[in-house]
2 protein chains.
Amino acid sequence: MSKKKRKKPAAEQTPLGFPIPSGWKGEVTDFDPRATPGFDGKKADGKELLALRDNALDELQERLYAAHHGRADGRSVLLIVQGMDTSGKGGIMRHVVRNVDPQGVDITAFKAPTSAEKRHDFLWRIRRRTPAPGIIGVFDRSHYEDVLIHRVHGWADAKEIRDRCTAINAFERELTEAGTVIVKVMLHISAQEQGERLMERLDRQDKHWKYSPGDVDERLHWDDYMEAYTRALRATSTVGAPWTVVPADRKWYSRIAVQQLLLNALEGIDPQWPAAEFDVEEEKQRLRATMG
Amino acid sequence: MSKKKRKKPAAEQTPLGFPIPSGWKGEVTDFDPRATPGFDGKKADGKELLALRDNALDELQERLYAAHHGRADGRSVLLIVQGMDTSGKGGIMRHVVRNVDPQGVDITAFKAPTSAEKRHDFLWRIRRRTPAPGIIGVFDRSHYEDVLIHRVHGWADAKEIRDRCTAINAFERELTEAGTVIVKVMLHISAQEQGERLMERLDRQDKHWKYSPGDVDERLHWDDYMEAYTRALRATSTVGAPWTVVPADRKWYSRIAVQQLLLNALEGIDPQWPAAEFDVEEEKQRLRATMG
């Protein structure tokens, strides 16, 4: 792909999702989970677009790896995906992330912390999984659980939550200053849609393993979760590491939106194929000498 | 997919690649790197087959994860891919492995060991990367480097190489007894084909980063490497963890062959969707009560 072609990709023309500016004072419930901001096509168009952009994502990832891997000052991308149960985090991994070279991607699904992890600061296990130069790191849940579920269940008081948000902002600033582009996504589904997705898991024997009775327990705290998201986004959507609320009632839409956010992050880095660190003609001669 | 349909998949009908039996006395150079054993179609047919079987691989991986993840006695798969430079290891990762859920796959590309790794036994860093229950682990290069490049360059003497093979067999037996199905693949390319692939890397600016002058240095030891592979396969192709030599001059063929080996491994485990550990009807009622 020529440099010219990469300069004005379709992906940059209309932002998808709802970008959350620094200083935002809104509520996540202001956003319609069925909306498709920035895209006026239908499901089939969305699927087509996703497939079309796979190649661009693939090439940009390879360039990032080629240009930055192994460099002490190399750039990287960190995609943080948060959302309620069934909001489609797994689908993002399967339908967006898996379309790039698996060797250049480092996915971490953060579960409830282990007892070993609990003995450390909440960012300890997160720091261990931040992407190396040249790599796209992906967090399926993240340090944001410590200001979401912890707020909802009162496992941390208001001051502690504020302190954690401050620590998160400092941590993320550190990352961006070291060359990581952070993309933070809230997959925003409606309570109605979640109910239907959970019911499907209960209706299908091959989906039972994805269901746990705790899912309904958490669902009973829906409004508290929305409030916790609102507060987390207000406190941590910074200029350097802004959030995007991605409507997720339509899975196909959330996938093209996250794909575009990744494309934008990579295009911002604009990684170039590195110049050869050897004499190309000399190597061709050496190689020819080995061929029959 | 019904159980009946899974019982006799096309993949099991004709083995692809050259299976190496325990006690084998041959030479890897006996095998034609351009052959397509078990498959009489052409490139287009091979590509079609690869795409067709993606879904089967995807479902079997998900079943493996659902049934075995988190279980102390759970099953797993370990795919070990060895081969000369340019033999297509990366292509296996991109075109076979990446078509399953990335969260159920754990890929490790083993490079030259770090100084920290060198302070340990050669299997130390390998043990740390063996797949957890429910996971497909993939090694791009492996502990076999310690009996291949080490033999070629004389970094270990004959006795040490023999001892390492003994240690490898014991280690792999341990893994298989703990429930891991080990699939060992030698991607077998010809010196001529490697020469052409290296030349392509030199001809294209976007491929220069994949080339290193050391590639030609290693190429000069071609016959020694073939001998080292022969000896390694003779010593470590066991009943529990056999090798398959996969002709790799035709990339499309090597991909369908490795895909089939993975399918066979998973079909051997035959993972079933786990039964619900909760009362499905009761959960449906609880869920319905939360819906408007």
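Below, read A as the first sequence line, B as the second, and so on, with proteins coming before strands; counting in each chain starts at 1. We use all heavy atoms of the structure for the numbers below, so side chains are in, but hydrogens, waters and symmetry mates are not.
Heavy-atom distances place both the backbone and the side chain of B:D203 under 4.5 Å from chain A. Proximity to chain A is limited to the side chain of B:D58, based on heavy atoms less than 4.5 angstrom apart. Using a 4.5 Å cut-off between heavy atoms, A:V100 touches chain B through its backbone atoms (N, CA, C, O) alone. For A:D140, the part sitting under 4.5 Å from any heavy atom of chain B is the side chain, from C-beta outward, and nothing else. In this structure, no portion of A:A191 lies under 4.5 Å from any heavy atom of chain B. For B:R219, the part lying near chain A is the side chain, with the backbone staying farther off; criterion is any non-hydrogen pair under 4.5 Å. For chain A, the nearby part of B:I107 is the side chain; its heavy atoms alone come within less than 4.5 Å. For chain A, no part of B:D106 is nearby; none of its heavy atoms comes within less than 4.5 Å.
Between A:R201 and B:E283 there is no salt bridge, since none of the side-chain N atoms of the basic residue sits less than 4.0 Å from a carboxylate O of the acidic one. We find that A:D215 and B:R286 are not joined by a salt bridge, their nearest charged nitrogen and carboxylate oxygen being 4.0 Å or further apart. For the pair A:D206 and B:R63, the salt-bridge criterion is not met [side-chain N within less than 4.0 Å of a carboxylate O].
The candidate from A:K207, A:E281, A:E62, A:K210 with the greatest count of non-hydrogen atom pairs under 4.5 Å with chain B is A:E62. Interface check for chain B: of the options A:P102, A:P213, A:A275, the most heavy-atom pairs under 4.5 Å are formed by A:P213. Your options are A:H95, A:K284, A:M93, and the one with the most heavy-atom pairs under 4.5 Å with chain B is A:K284. The most heavy-atom pairs under 4.5 Å with chain B, out of A:V97, A:D217, A:D279, come from A:D217. Ranked by heavy-atom pairs shorter than 4.5 Å toward chain B, the options A:L220, A:L198, A:T108 are led by A:L198.
Rounding to the nearest 0.5 angstrom, the gap separating the CD atom in A:Q194 from the OG1 atom in B:T290 is 8.0 Å.
A:R204 has its side chain out of reach of B:W273: every pair of non-hydrogen atoms, C-beta onward, lies at least 4.5 Å apart.
Relative ring orientation between A:F278 and B:H208 is described as perpendicular, the plane-to-plane angle rising above 60° on a 0-90° scale split at 30° and 60°.
Checking side-chain atoms of B:R98 against main-chain N and O of A:N99 turns up a donor-acceptor pair under 3.5 Å.
Closest heavy-atom contact between B:V280 and A:L202: CG1-O, 3.5 Å. Nearest heavy atoms, B:A109 versus A:Q103: CB-OE1, 3.3 Å.
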Could you go through A:Y211 and B:E277, starting from their C-alpha distance and side-chain angles, then the distance that decides it, and tell me whether this counts as side-chain contact (heavy atoms from CB on, under 4.5 Å)? CA-CA 9 Å; A:Y211 179 89; B:E277 288 169 358; over 6 Å; no
What do the steps show when you test B:M291 against A:E196 for side-chain contact (heavy atoms from CB on, under 4.5 Å), and what is the final call? CA-CA 9 Å; B:M291 291 172 78; A:E196 288 164 20; 4.0 Å; yes
